[in-house]
Amino acid sequence: MHLGATLRLLRTDAGLSLRDLARRIGVSSAYLSRVENGVDAPPTPERLSAIARELRVPSSLLMDVANRMSPSVAAYLEEVPGAGALFLDIAQRRLSGLQLARVRDFLDAEFPVAQGRRDAPVPPLAPLLAPERMVLQLSCAGWDDVLDVVAERLASSQPGADVARVVGGLKRHREESSCAVGGGVAVPHSFLPGAVPTAALVTLATPLAGDTPDGKPLRVVVAVLDAERGNPQLVRLAHLARLASRGLADRLLGLSQPAQVLSSLEELEALR
Amino acid sequence: MHTNALALLILQLIVIIGLSRLIGRGARWLGQPLVIAEVVAGIVLGPSLLGWLAPDVMNGLFPASSMPVLTMLSQVGLVLFMFLIGLELDPQLLKGRGHASVAISHSSIVVPFALGAGAGALWLYKSLSSPEVPFSSFVLFMGVAMSITAFPVLARILTERGLLQSKVGTVAIACAAVDDVTAWCLLAFVVSIVRASSLAQAALTTVMALGYIAFMLMVVRPFLARLGARVASREGLTQNVVAGTLVLLLASAGVTELIGIHALFGAFLFGAVIPKEGRLAETLAERLEDVAVVLLLPVFFAFSGLRTQIGLLNTAEDWLTCGVIIVLACLGKFGGSAVAARMTGLRWREASAIGILMNTRGLMELIVLNIGLDLGVISPQLFTMMVLMALVTTFITTPLLKWIYPLEEIARERVVVPLPVEPGPPPYSVLMCVSHGQAGPGMATLARSLTGRDEGAQLHALHLVSPERAPLRPAQQRDPEEDGALMPLLWRAVSLGLSVRPLSFVSAEPAQDICRTAKARRADLVLLGWHKPLFSQTMLGGTVHEVMQQASGPVAVLVDRGLSDIKRVLVPFAGSRHDRAALALARRLRKQAGAEVTVLHVTSDLGGNGGARAQVEALFPATEGGVTLKVVRSDAPDEAALEEARHGYDLVIIGIGAQWGLEDKAFGLQRERIIRDAPSSLLVVSDASPATAAEPTSEASNDGATAARVLPARS
């Protein structure tokens with residue numbers, strides 16, 4: 001999984017320059033640039049938290065993208081070593097996402113968390129999608145065609161929206177590398193004042209061998225149309241990157257019915 | 001005491017960098033850019049404050065003997081810095097921003113230039129210059145010095161205020177970029193004039209400078225583009241590449257210095273020609289920025305501070321002059337750009353914001369002033385006044401901007417950067433929908449004839465796979481033949497020299513997806529393949545019917561009977577809008593492929609053909625030729641058309657309609673004889689779009705009647 005590409009995407013979307021973000025989290029811009037390009041190791045959990053704070057996204061999201069254990073988990077395990085046995089139990093049962101969500105529901109009911117202690121839940125992707133906004137097993141000549149297809153799907157869901165404008169917004173992603181988050185997933189996004197947030201999903205029958213950050217060919221494109229820039233959009237972006245790191249592309253490959261995609265997605269993001 | 005020059009230099013660096021960072025904290029607290037702090041630190045260290053309070057300390061710290069070293073160091077820093085400025089200059093900023101930016105940036109140079117030159121000519125030359133300085137040099141230099149805008153400071157202010165994405169921000173940054181280039185070219189020109197001893201020499205310098213710019217653009221830029229491509233591939237920016245770039249940079253700076261324009265211009269030019277695509281520019285900037293900006297640039301500021309002697313302004317009159325210069329500078333720059341911005345249609349608030357932003361002079365002004373002082377064009381006294389002017393104009397930018405353009409305005413104005421609108425009519429575009437491979441080649445042939453010499457035409461090929469038949473294995477493990485429905489089309493396209501963009505995906509609602517794709521691609525024509533219907537008698541049922549119902553433009557079904565070259569085309573014509581769409585396609589074939597078109601008008605009485613003839617002539621001007629109109633009297637139009645179709649045509653283009661026995665119905669019992677029995681290939685056309693205004697209105701009633709007769713189900 002490629003954390004750097006996600007960080008770059010989040011940073012540019014938040015309107016921060018490399019220098020700005022580096023200064024705010026107290027590292028050199030050269031280091032941050034190396035992290036974004038994947039030349040340097042992913043930042044420590046503490047640094048990731050600082051970045052998440054500056055970008056105003058839940059730090060647990062970035063930890064997930066980086067496959068890092070949150071420092072609070074490590075601290076808790078040190079404090080209550082017995083908890084490790086419970087994690088082991090879960091691991092042995094090989095619980096799926098939906099089952100884990102049930103476990104968490106139980107925890108929520110039994111041991112409610114004090115208000116404000118937990119990050120606000122991340123809104124899921126599935127409700128933004130609809131069968132008519134999924135194009136499955138697309139094969140096409142290049143990235144431009146993918147953008148055209150998703151733009152048309154996004155625009156047709158917005159009454160009175162101009163396809164050209166949506167395409168124009170998406171075409172900021174001139175190359176797939178500019179919005180790829182690794183794991184074979186790219187997340188182009190566009191803005192249209194007054195639009196209801198919607199997403200379109202494309203799976204590629206023939207992977208696009210572009211210049212992706214982790215070198216994996218592009219197989220899934222999730223495009224999001226938003227009314228305006230803002231924090232919810234950043235959080236969604238980070239969530240998409242997390243889904244990518246959880247193997248979104250592998251799961252959706254070979255599915256040919258939108259309903260299958262939706263249910264697969266719901267399972268994947270049951271735990272947010 | 002200070003016998004060791006190196007120790008002294010190191011001490012100076014420590015003091016300079018330390019002090020500017022210290023004052024920088026204060027500046028940040030005031031919401032000011034760091035440049036202010038650095039300039040103030042220089043002035044504090046110089047004769048204006050330190051030299052005034054404790055002359056011994058200043059002379060100890062910055063003895064005259066150490067000045068040459070500082071001068072050289074600051075010049076090297078400036079060369080690097082100007083290179084960075086050039087690197088930040090993205091030519092995309094200069095292109096495609098429309099009239100607004102061009103008008104604003106021009107007037108934001110011309111007005112202050114005129115004011116500066118005017119003030120210099122009428123007033124300052126007499127009072128503040130010496131007779132040795134040539135009048136023309138002084139006036140030109142004052143003009144340039146007034147019209148500078150600090151691109152880096154502006155960019156930093158915009159970033160910090162989150163304005164880069166806003167309309168004001170994009171316009172301002174584009175204008176600043178234009179200003180930057182223009183001002184540096186002007187300055188190079190002025191420097192060449194000042195340095196030249198004669199007019200001939202000045203002309204020679206200018207010619208050489210222009211030659212050098214051309215050389216950089218024509219020869220060096222392509223080379224750098226290749227270098228950039230190498231860096232962009234994963235090997236990255238090695239130290240060898242950095243060293244090579246630095247050597248080229250120094251060479252460029254050296255050449256311009258030898259030519260007689262300033263070394264800084266060469267550095268700027270070299271930075272500007274480095275391609276901004278790829279990561280070369282970005283990576284280079286990251287590598288060099290810290291050394292140039294943190295270490296070397298403060299030396300330059302300290303150096304200019306040391307030359308700024310506020311003590312020289314010792315009379316009320318001097319201060320008044322200084323004040324007038326500041327007012328003039330602001331008036332020229334702010335007024336010039338704000339009025340121009342207002343005239344291009346921005347609101348006053350936005351226009352003023354742009355004016356305020358353009359008024360930022362920052363360190364670019366200091367660079368220009370130092371050049372002027374070095375050349376002896378301006379006196380130390382005027383230099384001091386101008387430094388104060390630069391300081392004040394930079395200082396007031398942020399608070400003024402906050403005042404006139406508060407955050408809530410920014411939030412309102414924040415927009416996604418508009419894309420430049422493509423000029424001209426959109427290219428002709430055809431969407432070819434292939435369900436079975438064998439339909440492909442004929443479609444490619446037809447598309448070739450339809451687009452012929454039209455280079456910009458866009459051809460799309462679409463293949464929809466039904467979910468049941470979608471392969472379960474990913475494409476990598478599949479045989480290439482398996483999903484080859486598009487391949488016959490693409491092969492034929494390649495042999496015809498067409499470029500076709502293929503597209504294929506799983507779809508449960510093919511008709512809807514075809515219409516969507518056609519809309520997204522702005523297809524002027526949707527071409528469908530035809531295959532023998534399975535359940536229904538009618539050939540135009542099923543998906544074809546649905547597409548014709550839902551499409552917003554012309555839809556044509558190709559019945560391919562070995563279509564290879566389209567030379568003779570038959571269009572049976574009765575006047576419905578579908579027939580007109582068929583005629584329009586025939587006209588395209590005539591224009592693009594030189595096909596010979598025969599229009600067959602079938603009428604029940606020979607007298608009533610006037611309307612049809614007029615319609616045909618409207619679509620085929622008589623001057624073009626190549627069109628034959630045949631009028632046949634028959635009570636069974638479809639029979640007549642079929643009869644004519646047997647006479648060796650390559651393609652029959654026919655609109656749907658009951659008179660031809662072609663109805664647009666989901667399930668029909670019509671025999672559609674013409675499709676079955678015609679020996680040639682057929683193109684069955686349906687046009688859903690309402691009749692265009694260009695068509696003769698006299699036929700409207702007739703047309704309406706036909707349409708109502710043909711399509712009873714649609715209303």
Side-chain angles (χ1 to χ4, degrees), chain A residues 14-20 28-30 32-34 37 39 131-132 134-142 144-146 148-153 155-156 163-165 167-169 171-172 174 190-193 202-207 211 215 217 219 228-229 250 253-258 260, chain B residues 155-156 159-160 162-165 232-234 236 277 279 282-283 285-287 289-290 411 414-422 460-463 465-476 478 483 486 499-509 512-513 516-522:
Chain A
L16 290 174
S17 71
L18 196 65
R19 225 181 301 160
D20 279 344
S28 75
S29 58
L32 195 58
S33 159
R34 286 200 304 275
N37 288 318
V39 185
E132 68 267 19
M134 291 186 201
V135 177
L136 303 182
Q137 312 212 348
L138 175 75
S139 77
C140 59
D144 276 354
D145 289 330
V146 179
D148 280 346
V149 168
V150 293
E152 181 270 319
R153 300 289 155 140
S156 64
V163 182
R165 191 135 177 230
V167 179
K171 286 273 166 77
R172 287 177 300 127
R174 255 174 289 171
S190 180
F191 302 95
L192 194 68
V202 172
T203 62
L204 295 170
T206 35
D211 183 22
R219 288 177 302 173
E228 55 184 12
R229 284 168 192 281
D250 288 333
L253 214 68
L255 300 188
S256 57
Q257 303 274 9
Q260 297 171 329
Chain B
R156 211 173 297 174
T159 317
E160 281 170 9
L163 275 172
L164 265 183
Q165 300 282 338
S233 66
R234 302 237 158 199
E277 300 84 24
R279 312 194 29 80
E282 200 183 326
T283 330
E286 271 164 27
R287 294 275 174 95
E289 192 166 19
D290 284 354
R414 203 172 276 200
V415 288
V416 179
V417 183
L419 263 100
V421 186
E422 285 174 27
H460 306 278
L462 178 68
H463 173 60
V465 187
S466 76
E468 298 79 45
R469 283 196 313 201
L472 290 172
R473 285 166 294 148
Q476 300 100 309
R478 233 186 290 157
D483 57 343
L486 285 175
S499 82
V500 173
R501 289 166 73 188
L503 195 70
S504 155
F505 55 91
V506 173
S507 164
E509 308 162 311
Q512 211 174 332
D513 276 320
R516 277 179 181 158
T517 313
K519 207 169 146 198
R521 300 298 162 95
R522 297 160 186 272

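Proteins come first, then strands; the chains are lettered A, B, ... in the order of their sequence lines, and each starts at number 1.
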Could you check which of A/S28, A/S29, A/S33 has the highest count of heavy-atom pairs closer than 4.5 Å to chain B?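 Among the listed options, the one with the most contacts to chain B is A/S33.
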For chain B, which of A/D145, A/L136, A/L204, A/L16 has the most heavy-atom pairs under 4.5 Å?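 Highest number of heavy-atom pairs under 4.5 Å: A/D145.
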Check: A/R19 and B/E289 side chains under 4.5 Å, non-hydrogen atoms: yes
Non-hydrogen side-chain atoms of B/L503 and A/V149 separated by less than 4.5 Å: yes
Between A/R153 and B/D513, does any NZ, NE, NH1 or NH2 come within less than 4.0 Å of an OD or OE carboxylate oxygen? yes
Which value, rounded to the nearest 0.5 Å, describes the distance between A/S139 atom OG and B/H463 atom NE2? 8.0 Å
Check each atom of A/L18 against the heavy atoms of chain B and say whether the ones under 4.5 Å are side chain, backbone, both or neither.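 Just the side chain, heavy atoms under 4.5 Å.
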